[in-house]
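To keep things clear, I will list the structure first and then write my remarks on it.
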Amino acid sequence: MLLSLASLSGRRLLELASRHPTAEACLEAVRRGEAGSAADREAARALDGASLALAVEAAGARLVAVGDPEYPQELLDLPDPPAGLFVRGGDLRALSPRVAVVGARSCTPYGREVAALLGGALAAAGVCVVSGGARGVDAAAHQGALGAGGPTLAVLGCGVDVAYPAANAALLRRVAEAGAVVSEYPPGVRAEPFRFPARNRVVAGLARGVVVVEGAAGSGSLITVDHAVELGREVFAVPGPVTSELAAVPLGLIREGATLIRGPDDLLADLGLDREGHAQGQGRPAPAASSQEALHGLPATGAPLSEAERGVLGLLSGPTVPDAVAAALGLSLQEVTALLVGLELRGLVRQSGGRYERRVGP
């Protein structure tokens, strides 16, 4: 019931609990005016604990409070940790280690692909992927982890039973089945703008590191990063074209000292893991990359690339029209189109809206 009171932050609730040994005693203290706003005092007098318990049960959720064995101890690093989490899904203790993947809601196909690749690689390496359950990069990271058969954890800025956005309802059900959906807000609490910055601190607190995939200036991802920095968590960023508004946040973070990653292999190496979850230096050695892989960060695809194909790939630093490639290489448009189609069939490039760009993974 205490978690339903709007002005009582986690820190204030924990301070109240330090003076009163039980939840009922804390609630009585609020009703007397010892803590909370006037609106909270009125709400506390009207609260029905039995109804709230039934709502939690109906949501298929449980409450994990500070002091419970399942409560993630990393959250206590926060200046304002949640006093409790409502959880749908598996035991949070099993969802570790954790890395967050965050970024733009209105992401590009490139951003979506990178997020899914990172989510899949982390899950395959035994890392739980944390994100915010939103559309765009968040959804792609969760989907990547699920596609790899691994765990993922969604932190919501609304009640644990509220699908926001509604289009992600099926995805959140899958996340709860494979990992967990958590929120510091009780069932039924609707999504409101002020709840998402608070949600972002929980994302940062749960994670060993935070990866940013796309974000325009002023992106909410920066809130997550700020919390991560304050907590001493690692921050990684995926670069994008300097002409893209959605590259503003990752490129700015890299300039300020965040670790640049070009894809899953960079991230896993920086985390000290390989693609099978072994610590580096243990398990089977990774096969040596071909010169084509080293040059372009792309998977080997059988026959080596021709000089012309390598030239085309080298020019695709971002979405590029075939005319521009033809002019740069001194080839005819017909020749370049044939090369691009061949590279697309081999899974090395993709086409969107008449422009071609390199793929970032298999």
Side-chain angles (χ1 to χ4, degrees), residues 99-124 127-150 152-155 163-172 174-175 178-179 196 200 203 207 210-217 219-222 224-225 236-251 253-254 260-268 296-299 316-320 343-344 347-362:
V99 170
V101 180
V102 300
R105 287 177 171 84
S106 299
C107 65
T108 66
Y110 164 80
R112 189 174 296 108
E113 181 182 14
V114 171
L117 285 169
L118 293 173
L122 287 167
V127 178
C128 177
V129 177
V130 180
S131 200
R135 59 189 175 89
V137 166
D138 286 14
H142 291 307
Q143 289 162 346
L146 292 168
T152 183
L153 193 159
V155 184
Y164 183 84
N168 281 2
L171 173 62
L172 291 172
R174 293 177 62 206
V175 170
F196 292 99
N200 290 350
V203 171
V210 173
V211 185
V212 180
V213 182
E214 294 193 328
S219 167
S221 300
L222 286 172
T224 310
V225 168
F236 306 91
V238 178
V242 296
T243 53
S244 170
E245 291 183 359
L246 290 173
V249 168
L251 292 177
L253 291 173
I254 291 166
L260 182 155
I261 59 167
R262 298 165 295 178
D265 290 336
D266 281 359
L267 178 58
L268 293 176
H296 298 292
L298 295 166
L316 300 182
S317 57
T320 308
L343 291 168
E344 186 176 16
L348 298 178
V349 305
R350 63 179 171 198
Q351 186 265 140
S352 177
R355 295 174 180 266
Y356 287 83
E357 60 183 348
R358 289 206 305 257
R359 293 183 64 87
V360 293

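All values below were derived from every heavy atom in this structure, side-chain atoms included, with hydrogens, water molecules and symmetry-related copies excluded. All residue numbers in this chain count up from 1 along the given sequence.
- What you find for Leu251 and Gly240 is that their closest heavy atoms are CD1-O, 3.7 Å.
- A 4.5 Å side-chain heavy-atom check between Leu316 and Leu343 finds every atom pair outside the cut-off.
- The CZ atom of Phe236 lies 10.0 Å from the CG atom of Asp266; values are rounded to the nearest 0.5 Å.
- When all heavy atoms of Gly150 and Ala123 are compared, the closest pair comes out as CA-CB, 3.7 Å.
- Listed here is the closest heavy atom pair of Leu172 and Ala154: CD2-CB, 4.0 Å.
- With sequence neighbours excluded, the residues forming a salt bridge (Lys or Arg N to Asp or Glu O under 4.0 Å) with Arg350 are Glu113, Glu357, listed by chain and number.
- Between Val137 and the options Cys107, Ser131, Ser106, Ser221, a side-chain contact (heavy atoms from CB on, under 4.5 Å) holds for only Cys107.
- Closest of all the heavy-atom pairs between Gly133 and Pro165 is O-CD, 3.9 Å.
- At a threshold of 4.5 Å between non-hydrogen side-chain atoms, the residues Leu118 and Ile261 count as touching.
- Rounded to the nearest 0.5 Å, atoms CD (Gln143) and CZ (Arg112) are 8.5 Å apart.
- Taking OG1 of Thr152 as the reference point, atom CG of Leu146 lies at 6.0 Å (rounded to 0.5 Å).
- Contacts of Thr108 classified as side chain to side chain donor-acceptor pair (under 3.5 Å), with partners at least two apart in sequence or in another chain: Glu214.
- Within the model, atoms CG of Leu122 and CG of Leu117 stand 11.0 Å from one another, a figure rounded to the nearest 0.5 Å.
- For the side-chain contact (heavy atoms from CB on, under 4.5 Å) test with Val210, the passing option among Val130, Thr224, Val99, Leu253 is Thr224; the others fail.
- Here the CG-CZ distance, from Leu267 to Arg262, works out to 12.0 Å after rounding to the nearest 0.5 Å.
- The number of heavy atoms from other shown groups lying within 6.0 Å of CD (Glu344) is above 12.
- The shortest heavy-atom contact between Ala216 and Val249 is O-CG2, 3.1 Å.
- Without hydrogens or angle criteria, Asn200 side chain to Gly220 main chain gives a donor-acceptor distance under 3.5 Å.
- Contact record, Ile254 with Ala237: CG1-CB, 3.7 Å, taken as the closest heavy-atom pair.
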